[in-house]
Amino acid sequence: MNDETGRPEPAASPDAPASASSCCGVSACCTDAEQAVDPGATVQQAKTAAGCGCVEQGPLDGLPVVVIGAGPVGLAAAAHLAERDQDFLVIEAGGEVGAAISEWGHVRLFSPWRYDTDAAARRLLEPTGWRLPDPEALPTGAELVRDYLAPLAKVPALAGRIRTGTRVVAVTRQGVDVTRTVGREERPLLVRAVGPDGAVDDIAARAVIDASGTWGRGNPLGHSGLPAPGEDQAAAHITGPLPDVLGRDRSRFAGRRTLVIGMGHSAANTLLALAELAKNEPGTRVTWAVRGASVARLYGGGDADGLPARGALGTRLKAAVNNGEIDLVRGFTITGVATTDDEAAAVQVNGQTPDGPRVLAADIVVAATGFRPDLDMLREVRVELDPATEAPVRLAPLIDPNFHSCGTVPPHGERDLAHPEPGFYLAGMKSYGRAPTFLMATGYEQVRSIAAALAGDREAADTVHLDLPETGVCSTSLVTDDLLPGAANQSAGQSVPGGGSCCGPTAPEPVSIGIGAPAGLGFATGRVHGHSGEAEHSDA
């Protein structure tokens with residue numbers, strides 16, 4: 001021990017025995033060769049967690065944690081950081097918190113209020129007089145913003161730390177690009193943001209939580225993950241998911257022919273709204289095109305669903321198709337899009353079906369084809385993503401839609417979300433990459449764990465758990481008939497354990513931020529944005 005500094009003396013040599021040169025969770029303490037004993041932690045994190053005397057004020061001290069996105073998960077991250085007395089800054093591209101949700105404010109979540117709020121956020125809100133709405137009620141997107149996110153942004157711990165109208169365009173390390181390794185983790189992260197006036201601001205940060213979501217970056221209409229030829233030229237006739245068919249956008253759809261592409265709950269909500277519109281607006285016609293041979297997965301579990309509103313969505317959609325309110329076209333793979341001068345239809349969507357080429361004519365196309373994350377802004381940070389889902393590699397096996405379309409998403413936290421870039425995390429919907437089911441409750445647990453780790457509370461960061469509803473729905477055993485899961489076996493005289501689930505006993509299913517049905521219909525959804533006509537298994 002150095003009598004003047006009170007710090008351990010540097011080891012005489014990096015080659016000295018570990019017992020003589022290790023302390024505070026690191027080897028070769030206070031030398032250029034020191035490394036964290038725990039490979040999942042940085043040197044600084046290991047020393048801080050051990051309360052080591054050789055932790056020095058470094059270039060990252062005094063810098064904020066930058067949270068990208070002021071949606072439910074981004075504000076939950078801020079709430080947890082505030083509770084732990086961590087400095088932070090939230091950057092939101094929209095003009096208000098929850099801006100993306102406000103774009104689908106007319107739709108109702110399938111999950112009730114008790115699953116839609118974060119614990120730390122509630123603890124900050126309650127001293128202001130805020131009370132949780134009816135825990136069993138299903139909020140619309142607008143209600144979620146008005147009654148939860150907007151008040152949360154105004155609590156003293158968060159107010160003044162949220163910049164709206166500011167878009168993050170890049171994240172990097174200060175002074176180095178992605179190729180530089182030596183001394184990298186000792187440099188601050190750098191967030192480049194563009195403000196409402198176009199001014200560029202480079203913000204130094206000790207950590208970054210990217211909770212910017214995927215809204216606004218839709219998957220293309222074409223097959224194989226590519227835009228269909230002519231898709232860009234027909235953009236004026238194509239709208240994104242969840243237009244306000246019965247409200248703001250009514251005039252655009254009334255008396256016209258609409259083609260809805262996609263097999264997620266976003267498509268289902270729009271289809272039901274259009275069917276309702278057609279009852280009162282003569283000439284309104286609705287066509288639904290999917291790539292697969294079956295839509296059983298979207299019809300869902302009916303009464304067997306642990307979230308009744310989600311089951312009701314599929315039940316009503318099936319009835320609308322059977323009653324002829326919606327013209328369903330199966331096995332339709334889009335090969336091209338062309339605008340026309342025909343007064344009867346502004347756009348033609350060309351496709352290939354098992355019976356040969358087919359053309360679907362429409363005035364407007366609703367692309368409910370799912371989303372993909374914006375990774376361009378992360379080109380200069382070292383992220384490690386699964387090649388299929390574009391989710392963090394340790395998270396990807398837990399959410400892979402090829403294998404996990406029902407059942408339980410295991411609790412996961414900071415270690416599962418960490419990247420080779422120390423201090424950088426993807427959280428919330430963006431952490432799921434292209435996987436179509438995001439779990440809002442899981443997002444809250446993600447940022448709780450991340451905030452604990454950033455505060456040096458390793459034990460709390462690693463203690464992860466989830467409280468999720470149960471469901472009897474399973475869509476992994478796909479069927480060719482449009483039957484509810486398990487119905488095929490029941491009709492053949494076979495019993496299905498667990499009250500009708502094709503997977504046997506009911507098991508907890510993740511809670512999604514569930515873009516729901518139009519508020520006037522009172523239905524809600526479970527899957528956020530399903531892939532366009534997601535192909536069924538060949539043996540379905």
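Reckoned from all heavy atoms, side chains included, excluding hydrogens, waters and symmetry mates. Position 1 is the first residue of the sequence; numbering continues from there.
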For this session: Search all heavy atoms of Leu158 against all heavy atoms of Ala82 and return the closest pair with its distance.
Result: CD1-CB, 4.3 Å
For this session: Ignoring hydrogens and angles, tell me if any N or O in the side chain of Arg415 forms a donor-acceptor pair with the backbone of Asp462 under 3.5 Å.
Result: no
Exercise. Going from CD1 on Ile91 to CZ on Arg167, what distance comes out if it is rounded to the nearest 0.5 angstrom?
Worked result: 12.0 Å
Problem set entry | Full working for side chain to side chain contact (heavy atoms under 4.5 Å, CB included) between Arg192 and Met377 | CA-CA 9 Å; Arg192 174 161 291 182; Met377 61 187 282; over 6 Å; no
Exercise. Would Ser431 and Leu417 count as a side chain to side chain contact (heavy atoms under 4.5 Å, CB included) if you check the C-alpha gap in whole Å, the side-chain angles of each, and the deciding distance to 0.1 Å?
Worked result: CA-CA 8 Å; Ser431 73; Leu417 299 165; 4.2 Å; yes
Exercise. Ignoring hydrogens and geometry, is there a side-chain-to-backbone donor-acceptor pair from Glu186 to Gly183 under 3.5 Å?
Worked result: no
For this session: Work out which heavy atom in Ile209 is nearest to a heavy atom in Ala427; give both atom names and the distance.
Result: CG2-CB, 3.9 Å
Problem set entry | Neighbour count above 12 (heavy atom, 6.0 Å) for Glu136 CD | yes
Exercise. Taking C-beta and beyond as the side chain, do Glu103 and Leu242 meet within less than 4.5 Å on heavy atoms?
Worked result: no
Problem set entry | Residue pair Val464 / Arg448, side-chain heavy-atom distance below 4.5 Å | yes
For this session: Give, for atom OG1 of Thr172 and atom CG of Leu378, the distance between the pair rounded to the nearest 0.5 Å.
Result: 10.5 Å
Exercise. Backbone N or O of Gly413 within a donor-acceptor pair of the Asp416 side chain at under 3.5 Å?
Worked result: yes
Exercise. Taking all non-hydrogen atoms of both residues, which atom of Pro127 and which atom of Leu124 are closest, and how far apart?
Worked result: CD-O, 3.4 Å
Problem set entry | Stepwise side chain to side chain contact (heavy atoms under 4.5 Å, CB included) test for Arg163 and Glu92 | CA-CA 6 Å; Arg163 292 188 191 177; Glu92 165 61 40; over 6 Å; no
Exercise. Is there a side-chain contact between Val176 and Arg184 (heavy atoms, below 4.5 Å)?
Worked result: yes
For this session: Identify the heavy atoms of Trp130 and Asp147 that sit nearest to each other, and give their distance.
Result: NE1-O, 2.7 Å
For this session: For the residue pair Leu426 and His419, establish whether any side-chain heavy-atom pair is separated by less than 4.5 Å.
Result: yes
Exercise. Are any of the side-chain heavy atoms of Glu414 and Tyr425 separated by less than 4.5 Å?
Worked result: yes
Exercise. Which heavy-atom pair separates Ala99 from Gly94 by the least distance, and what is that distance?
Worked result: CB-CA, 3.6 Å
Problem set entry | Euclidean distance, Arg434 CZ relative to Asn219 CG, rounded to 0.5 Å | 6.0 Å
For this session: Looking only at non-hydrogen atoms, find the nearest pair between Ala396 and Asp386 and report the distance.
Result: CB-CB, 3.3 Å
Exercise. Do Leu149 and Pro72 have side chains that get closer than 4.5 Å, going by heavy atoms?
Worked result: yes
Problem set entry | Any donor-acceptor N/O pair, Lys430 side chain to Asp374 backbone, under 3.5 Å | yes
Exercise. Does the side chain of Val66 come within less than 4.5 Å of Leu189's, by heavy atoms?
Worked result: no
For this session: Report yes if the side chains of Val208 and Glu421 come closer than 4.5 Å at any heavy-atom pair, otherwise no.
Result: no
For this session: Please confirm whether the backbone N or O of Gln446 pairs with a side-chain atom of Ser449, one donor and one acceptor, at under 3.5 Å?
Result: no
For this session: Starting at CZ of Arg114, measure out to CG of Asp134 and round the result to the nearest 0.5 Å.
Result: 10.5 Å
For this session: Could you grab the distance from atom CG of Asp87 to atom CG of Leu454, nearest 0.5 Å is fine?
Result: 12.0 Å
Problem set entry | Pair Val67-Leu81, side chain to side chain contact (heavy atoms under 4.5 Å, CB included): steps then yes or no | CA-CA 10 Å; Val67 179; Leu81 289 166; 4.0 Å; yes
Exercise. Has the side chain of Arg382 got a donor or acceptor atom that lies under 3.5 Å from a matching backbone atom of Val178?
Worked result: yes
Problem set entry | Expected output: side-chain Glu96 to main-chain Thr164 donor-acceptor under 3.5 Å | no
For this session: Spell out, as yes or no, whether a donor-acceptor pair under 3.5 Å connects the side chain of Trp104 to the backbone of Thr140.
Result: no
Exercise. Can Arg123 and Glu83 be said to form a salt bridge (charged side-chain N to carboxylate O under 4.0 Å, His left out), step by step?
Worked result: CA-CA 9 Å; Arg123 290 191 291 269; Glu83 279 200 327; 2.7 Å; yes
Seminar exercise, completed: Residue set satisfying ring pair (Phe, Tyr, Trp, His ring centres under 6.0 Å) with His412, at least two apart, ordered chain then number -> none
Exercise. Is Thr270 reaching over with its side chain to a backbone N or O of Ser266, donor-acceptor style, under 3.5 angstrom?
Worked result: yes
Exercise. Does atom CZ of Arg379 have more than 12 heavy-atom neighbours from other groups under 6.0 Å away?
Worked result: no
Problem set entry | Euclidean distance, Ile450 CD1 relative to Phe424 CZ, rounded to 0.5 Å | 10.0 Å
